[in-house]
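Here's the structure we're looking at; comments come further down.
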Amino acid sequence: MTHASPTTSAAARVRARLSTRAASLVALLIAVLWTTPTFGLLLSSFRPKDEIKSTGWWTFFADPNLTLENYQEVLFGTSSSSGRLASFLINSIVITIPSVLLPLALASFAAYGLAWLNFRGRDWIYIGIFALQIVPLQMALVPLLSFFSEGVSVAGIQLLPAWELGDTGRFAQVWFAHTCFALPFAVFLLHNFMAELPHELMEAARVDGATHGQIIRRVVLPLVAPALATFAIFQFLWVWNDLLVGLIFAGGTAESAPMTVRLAQMAGTRGDEWQRLTSGAFVSVIIPLVVFLSMQRYFVRGLLAGGIKG
């Protein structure tokens, strides 16, 4: 006669409680409360200027009145008080995509090397990378600014020149900064997944004559796809919503600044233009929402992969 382990019994009890009708109703209630502000923001972004300043969004159901003028003005307006977010939106896309792909690629190679290559000092390097996660981002801003403006010199010898890139070249500075800030967490996350891969699988690939590059491309990356998607979503949301790094390294001009910089300017100087703030806020929300929903399946698998065995 077999007996279920205490851990298994506890997990079964939790699953049974979460499957009840009461638990489903509570989850539904939380979901409704959580999404109501977003729904109100969406409705407000389509309401006329006079109505949004005089009544709440819930009055829409008594007197429906929608307009696209808010989005037209906030994206493509020509007046000084308009948002002109279209160019800033493109800047955010140009900043975010490389800032996700670069650390993802570099961290994949680093994590593989730390997990499956034996060399002296490997464990100390991994500990150092892990410790870098606790370093506040603000501590690196001044050294990075010095690196971009003055380069690197030791004992009067210029080892690396300053970055003379102009306004459009500021994108490279933001990519570099976001990549540096993201690498410790990316290496830590991907290393934990790669280290759990079966040793026999890696040995079989080596016996078949596969090189390290082939092993990474054909064996490792497909198996750690959930971890890659998890980091990609985290990094995308972080970079897309970032204001500090974008403001410091990209400036505040339409040529290179991300959308968060423009939204902060709109909230600070034209805080009474609620119809533009709501439409601008929803423009900034829609792309991360689409990215998250499209990768949600991999994201959930990545979060659960380390906690489910068998």
Side-chain angles (χ1 to χ4, degrees), residues 28-100 174 178 229 232-247 250 252-297 299:
L28 179 61
L29 178 61
I30 294 175
V32 170
L33 293 176
W34 187 263
T35 56
T36 295
T38 304
F39 179 72
L41 179 70
L42 175 61
L43 272 184
S44 298
S45 67
F46 287 103
R47 301 182 70 213
K49 175 180 178 180
D50 295 336
E51 293 187 9
I52 193 176
K53 289 186 175 183
S54 59
T55 60
W57 62 266
W58 50 88
T59 61
F60 163 82
F61 300 101
D63 183 21
N65 189 9
L66 300 177
T67 179
L68 293 176
E69 183 180 351
N70 299 334
Y71 285 92
Q72 173 68 25
E73 184 69 17
V74 80
L75 287 172
F76 309 107
T78 57
S79 64
S80 59
S81 61
S82 64
R84 302 178 185 177
L85 277 181
S87 59
F88 292 90
L89 175 62
I90 295 175
N91 291 342
S92 289
I93 296 174
V94 173
I95 288 174
T96 303
I97 293 178
S99 297
V100 173
V174 183
H178 279 303
I233 290 176
F234 277 127
Q235 180 68 358
F236 187 95
L237 296 177
W238 163 256
V239 177
W240 185 269
N241 294 319
D242 169 72
L243 174 62
L244 180 62
V245 176
L247 180 62
T253 63
E255 287 76 19
S256 57
M259 189 165 50
T260 51
V261 173
R262 183 56 177 167
L263 289 174
Q265 293 172 351
M266 291 173 60
T269 60
R270 281 175 285 278
D272 59 335
E273 299 293 338
W274 298 347
Q275 76 284 358
R276 291 172 187 161
L277 291 175
T278 54
S279 56
F282 200 80
V283 168
S284 69
V285 166
I286 188 64
I287 292 182
L289 186 62
V290 170
V291 170
F292 177 79
L293 292 178
S294 63
M295 303 179 69
Q296 182 183 15
R297 176 166 55 97
F299 180 72

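Since this is a predicted model, take the numbers as computed values, not measurements. Along the sequence shown, residues are numbered consecutively beginning with 1.
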For this session: Before giving the answer on ring-ring contact (aromatic ring centres under 6.0 Å, His included), spell out for Phe46 and Tyr71 the whole-Å C-alpha distance, their side-chain angles and the decisive distance to 0.1 Å.
Result: CA-CA 8 Å; Phe46 287 103; Tyr71 285 92; 5.0 Å; yes
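Here the CG-CG distance, from Leu263 to Leu243, works out to 9.5 Å after rounding to the nearest 0.5 Å. From Ile286, atom CD1 reaches atom CG of Leu89 across 11.5 Å, with rounding to the nearest 0.5 Å. Interatomic distance, Ile30 CD1 to Thr35 OG1, rounded to the nearest 0.5 Å: 11.5 Å. How far OG1 of Thr59 is from CD of Glu51: 7.0 Å, rounded to the nearest 0.5 Å. The CH2 atom of Trp34 sits 13.5 Å away from atom CG of Leu29, with the distance rounded to the nearest 0.5 Å. Taking OG of Ser44 as the reference point, atom CD1 of Ile52 lies at 4.5 Å (rounded to 0.5 Å).
Distance alone, capped at 3.5 Å, is enough to place a donor-acceptor pair between the Ser256 side chain and the Ala250 backbone. Judged by distance alone, with hydrogens and angles left aside, the side-chain atoms of Glu69 form no donor-acceptor pair with the main-chain N or O of Pro48 at under 3.5 Å. The backbone N or O of Asp242 lies less than 3.5 Å from a partner atom in the side chain of Thr260, making a donor-acceptor pair. Counting only distance, with no hydrogens or angles, the side chain of Trp240 and the backbone of Ser284 share a donor-acceptor pair below 3.5 Å.
Note on ring orientation: taking the six-membered ring where Trp is involved, the planes of Phe61 and Trp57 are perpendicular (angle over 60°, cut-offs 30° and 60°).
Side-chain atoms of Ser92 and Arg262 include no donor-acceptor pair closer than 3.5 Å. With no hydrogens or angles considered, no side-chain donor-acceptor pair links Thr278 and Arg47 at under 3.5 Å.
With sequence neighbours excluded, no residue satisfies ring-ring contact (aromatic ring centres under 6.0 Å, His included) with Phe60. Every residue meeting the side-chain contact (heavy atoms from CB on, under 4.5 Å) condition with Asn241, not counting sequence neighbours, appears here in chain and number order: Leu237. Residues satisfying the side-chain contact (heavy atoms from CB on, under 4.5 Å) criterion with Ser87, sequence neighbours excluded, are Ala254.
For Phe88 against Pro258, the heavy-atom pair with the smallest separation is CD2-O, 3.6 Å. Scanning both residues, Val174 and Ser99, for their nearest heavy atoms gives O-OG, 4.3 Å. Nearest heavy atoms, Ile233 versus Phe292: CG2-CD1, 3.8 Å. Counting all heavy atoms, side chain and backbone alike, Gln235 lies closest to His178 at NE2-O, 3.7 Å.
For the side-chain contact (heavy atoms from CB on, under 4.5 Å) with Phe282, the lone residue among Leu277, Leu42, Leu289 that qualifies is Leu42. Just one residue in the list Thr96, Asn91, Ile90 forms a side-chain contact (heavy atoms from CB on, under 4.5 Å) with Val94, and that residue is Ile90.
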